[in-house]
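Starting off with a structure, shown below.
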Amino acid sequence: MIIENSNFILEHIASSGQCFRMNKIKEAEFSVIAGGKVLLLKQLEEQKVLLSCSEKDFKEFWKDYFDLDYDYEGIVGGLVTGEDEFLKKAAAYGYGLRILKQELFETLITFIISQRKSIPAIKRCVEELCQRFGERKTDTAANMVYYTFPSPESLGKAGKEALREAGLGYRDEYVRQTALAVAKGDIDLDCLKTLSYEEALKELMKLPGVGIKVANCVALYGLHQIDAFPVDVWIDRILKDIYSNKFDVTIYNGYAGIVQQYMFYYIRSL
DNA sequence: TACCAGGGTTCTA
DNA sequence: TAGAACCATGGT
């Protein structure tokens, strides 16, 4: 099926460092694995995308996953015509970026893995985990064999050696213990969705390997707390070098996380 | 070959 | 309480 939507550029979303299982297949064509499904996408025009799924799957899952009901055009347009010179350039450069609504457990584990790793290394590591501990599936429409993201149970009972072989390094125990906590019900991920931003951060940071930065990424990409503003080494450089540590995030109340995403994407291109 | 990566935890002063 | 040291591994 074909959908038309403004501010939806696959190239930018796939390389924005918020999801690690969206890959470029060839020019303008991408695959993404989420929710136990695989989807192929092709950018036909700036506002036109071809999807391999049925209309039913689109309505029930992918539309929400790509947050297609939210008006990014208004926000990004506001930044482009705003007064902040850096954000003007960032918004123009990253036009088409959206904040995905990813599954909570996958977001939690992948961002625990992300610490002190480059994006290509994270993607490789996540794929390795899926192949070792996920479920093997075949999609006839996409003509693809793929692996789902592992369940909390399968990661919780994974051996330390197997996790090391997947390239987790010292994060192996973080992943195992966190997966175990979810599997045993020591933390109720669904319950996090009912909490405020601050309360959710507090709960997330009780988990091993989850500090303030990872918790903010989980809040933004997994809980869709759109005001979350994760500060990693790149954002930290911007706050210091561009804004002399005087950046006022409260100006962007209601969409700070989107601002953060455009900053991150732009600074990495420089 | 060095250096760095969407950091967190623990130790030390 | 703030800052330094340490952690394992892949990409460039």
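Everything numeric here is computed off the predicted structure, so don't read it as measured data. Letters A, B, ... are given to chains in the order of the sequence lines, protein chains preceding strands, and every chain is numbered from 1. These values consider heavy atoms only, across backbone and side chains, with no hydrogens, waters or symmetry-generated copies.
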According to the interplanar angle, ranging from 0 to 90°, do the rings of A:Tyr93 and A:His12 count as parallel (below 30°), tilted (30 to 60°) or perpendicular (above 60°)?
parallel
Residues A:Glu128 and A:Tyr147: side-chain donor-acceptor under 3.5 angstrom
no
Assign A:Gln261 to base, sugar-phosphate, or nothing according to its heavy-atom contacts below 4.0 angstrom with the strands shown.
base
Which word best sums up how the rings of A:Phe61 and A:Tyr65 line up, parallel for under 30°, tilted for 30 to 60°, or perpendicular for over 60°?
parallel
Out of B:dG6, B:dG7, C:dA8, which nucleotide sits closest to the side chain of A:Phe264?
B:dG6
The Watson-Crick or G-U wobble partner of C:dG11, with both key distances under 3.5 Å, is B:dC3
Interatomic distance at P, C:dA5 relative to B:dC3, whole Å
16 Å
What is the nucleic acid contact for A:Thr110, judged by heavy atoms within less than 4.0 Å: base, sugar-phosphate only, or nothing?
nothing
Is it the case that A:Asp64 and A:Tyr70 place a side-chain donor and acceptor less than 3.5 Å from each other?
no
Listed nucleotide nearest any side-chain atom of A:Arg164, set C:dA8, B:dG7, C:dG11:
C:dA8
B:dG8 P sits how many Å from A:Asp236 CG, rounded?
12 Å
Would you say the base of B:dG6 and the side-chain of A:Tyr265 have a donor-acceptor pair closer than 3.5 Å?
no
5'-most contact on DNA chain B: A:Gly17 or A:Tyr174, nearest heavy atom basis?
A:Gly17
Between C:dC7 and B:dA5, how far apart are the C1' atoms? Round to whole Å, please.
14 Å
Tell me what A:Ile235 touches on the nucleic acid: a base, only sugar-phosphate, or nothing, going by heavy atoms under 4.0 Å.
base
Regarding A:Arg171, tell me which of base, sugar-phosphate or nothing describes its non-hydrogen contacts under 4.0 Å with the strands shown.
base
A:Arg124 or A:Gln115: which one's nearest nucleotide on DNA chain C is closer to the 5' end?
A:Gln115
Can a side chain N or O of A:Arg237 be found less than 4.0 Å away from OP1 or OP2 on B:dA5?
yes
Do the ring planes of A:Tyr252 and A:Phe247 sit parallel (below 30°), tilted (30 to 60°) or perpendicular (above 60°)?
parallel
Atom pair distance, as rounded to whole Å: CG in A:Leu201 and P in B:dG7
17 Å
Roughly how many Å is it from CG in A:Asp232 to C1' in B:dA5, rounded to a whole number?
10 Å
Is there a donor-acceptor contact under 3.5 Å from the side chain of A:Asp84 to the main chain of A:Leu87?
yes
If I pick the P atom on C:dG10 and the same atom on B:dT1, what distance separates them, to the nearest angstrom?
15 Å
Would you kindly give the CG-to-P distance between A:Leu204 and B:dT9, to the nearest whole Å?
12 Å
Please tell me which of A:Ile212 and A:Lys117 maps to the more 5' nucleotide of DNA chain B, matching each residue to the nucleotide holding its nearest heavy atom.
A:Lys117
Under 3.5 Å, is there an N or O donor on one side and an acceptor on the other linking the side chain of A:Glu173 and the base of B:dG8?
no
So, OP1 or OP2 of C:dC7: does either fall under 4.0 Å of a side-chain N or O from A:Arg116?
no
Atom NZ of A:Lys213 to atom P of B:dG6: distance rounded to whole Å?
9 Å
NA contact type, A:Phe20, heavy-atom cut-off 4.0 Å: base, sugar-phosphate, or nothing?
nothing
Under a 4.0 Å threshold between the charged nitrogen and the carboxylate oxygen, would A:Glu199 count as salt-bridged to A:Lys202?
no
A:Ile99 CD1 to B:dG6 C1', in whole Å, measures 13 Å
Students often get this wrong, so: under 4.0 angstrom with heavy atoms, is A:Val231 touching a base, only sugar-phosphate, or nothing?
nothing
What's A:Glu165 touching, base or sugar-phosphate or nothing? Going by heavy atoms closer than 4.0 Å.
nothing
Using atom CD1 of A:Ile113 as one end and atom C1' of C:dT9 as the other, report the distance to the nearest whole Å.
13 Å
Atom-to-atom span, CD of A:Gln260 to P of B:dG6 - whole angstrom
13 Å
